[in-house]
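Working notes, beginning with the structure itself.
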Protein chains: 2
Amino acid sequence: MQDDGYVAYGVTVDLVILTIRAEQLCVLLVRRGLAPFAGALALPGGFVRLDETLVEAARRELAEETGLLLPEPPPQGSAWPGVHLEQLAAYGAIDRDPRARILTIAFLALAPDLPEPRSGTDAAAAEFVPVAALTGLGGLGGLAFDHAEILADGLERARAKLEYTALATAFCPAEFTVAELRRVYEIVWGAPLDARNFHRKVTGTPGFLEPVGHSTARDGGRPAALYRRGAAEILHPAMRRARAAGP
Amino acid sequence: MQDDGYVAYGVTVDLVILTIRAEQLCVLLVRRGLAPFAGALALPGGFVRLDETLVEAARRELAEETGLLLPEPPPQGSAWPGVHLEQLAAYGAIDRDPRARILTIAFLALAPDLPEPRSGTDAAAAEFVPVAALTGLGGLGGLAFDHAEILADGLERARAKLEYTALATAFCPAEFTVAELRRVYEIVWGAPLDARNFHRKVTGTPGFLEPVGHSTARDGGRPAALYRRGAAEILHPAMRRARAAGP
DNA sequence: CAAATAGTGTCTATGAGACACTATGCA
DNA sequence: TGCATAGTGTCTCATAGACACTATTTG
């Protein structure tokens, strides 16, 4: 780190907030009210204040956009539909914002089905949009700034991490069945998985799932045992990613 | 991205440049000449200019610090001791620089044994330091700013990526033997690997290694076939990381 | 020849993938 | 009873890991 050459940048955080609603992978987008890109969809985000770190800024934006409780502090012991938040990458193309040189640090958030997003102070309107509806229209086109690229990176990160981490549980409520967890994988990867093998894999991996004892019959068949996420963060060996079917 | 709340940050890039010299994993460090942290070791880096992207700034610093040819453009077809360069993460703790709010984007570079680093315009002195010499002294302590954390993240990224990518070849010259590649894994992971199984794995994975036809006998046994890196970027199934032996 | 390193073959345990089968609820 | 979903068992194939063995050089 040198001591000459200081120039000033604007720094924002932008969030790729993913959830699953109505059997679809959705991303939270806001409709921009102001120029540039007025009227276009964009990832939620905002400037980083001088008195907060990058993660704190991301957590603040997450709360503002979703009205959601912050992922920290983790409550003692029991069931918590944890929102996962991690840094994705920094984006610094010279003209990514036409007004000034603005750098953004993108974060990836994974959450269980959230309450309807309440408009933050800044966001004109926030809504969960099915990812398929965006990719269908010519490769994520139409997003403001370089947000198509950021979203693509976030999606790839999420898909990849399902393979070798226990992250899929972040899309589930505090207690869930094996079938619900499997649906998460199938929806995120866009490909079906063998229910029997999946069951053996996730229940056989120590620390992945923790049985809560009782069961439920939400779906009208034999009642399924309920689990909550276990302590294991990584999965070894990894789950093999099924290749997406269809277009 | 909102339109209010703009504040100005300084933005730097810092580089974790790893190489292998004399059977040891080494990182390029500079001795700081100026306050803060004058006299301390630090990662090389510098401010991002207004007319360059983050990667361009990283590439410029890499060239300045190492005198090395840039990893791009990749020359047609043949042997190139590619320097690998990728973004690591952004670091934005409030007081990470005591002078001002400065954000840094860290990059990770992996290179084959480099010529002696020539002092760049800014660096007082740059030298490759064995990582073991740093970790031995109480957890990477003594580095300026938050560079101990950045270095730790870079090391972990490098170790992890050897598992599931063909990245280890970035530590090798353009043409190398299987044994040399295996030494890379052993040095980075700090644990021995079975030579026979390793050989089967890397030669059996399509696209990982590309035989160049001739062979060499640098080490006095049966001559070994030479390879250059193949087209495959990822390794599936992954190589299993051996757990580091000893302290 | 011995020593040293390169490279192959073979066995075993494990896990993925395919899929038949049993278990337990509800209408 | 039939139907739907949960969960288990079993087979086959691929691969990691262990390690005996052969191959090709130098001294």
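So you know, we letter chains A, B, ... as the sequences are listed, proteins then strands, and number each from 1. Every heavy atom of this structure was used, including side-chain atoms; hydrogens, water molecules and symmetry mates were not.
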Any donor-acceptor N/O pair, B:Thr205 side chain to B:Val202 backbone, under 3.5 Å: no
Nucleotide nearest A:Arg222 when distance is taken to its side chain, options C:dG15, D:dT5, D:dG17: D:dT5
Pairing residues for A:Tyr164 by the ring pair (Phe, Tyr, Trp, His ring centres under 6.0 Å) criterion, not counting sequence neighbours: none
Test item: A:Glu180 side-chain N/O and A:Thr177 main-chain N/O as donor-acceptor pair under 3.5 Å: yes
Atom-pair distance (CZ on B:Arg241; C1' on D:dA16), nearest Å: 17 Å
Interatomic distance where CG belongs to A:Leu235 and P belongs to C:dG15 [whole Å]: 12 Å
Interatomic distance, B:Met239 CE vs D:dT15 C1' [rounded to whole Å]: 13 Å
Interatomic distance, B:Leu226 CG vs D:dT24 C1' [rounded to whole Å]: 15 Å
Residues from residues 193-212 of chain A lying under 4.0 Å of DNA chain C - heavy atoms: A:Asp194, A:Arg196, A:Asn197, A:Arg200, A:Lys201
Ring pair (Phe, Tyr, Trp, His ring centres under 6.0 Å) between B:Phe198 and B:Tyr185, intermediate numbers included: CA-CA 10 Å; B:Phe198 182 86; B:Tyr185 277 91; 5.4 Å; yes
Partners meeting side chain to side chain donor-acceptor pair (under 3.5 Å) with B:Gln87 (sequence neighbours left out): none
A:Glu156/A:Arg159 ion pair, N-O < 4.0 Å: no
Separation of atom NE2 in B:His236 from atom P in C:dG15, rounded to whole Å: 15 Å
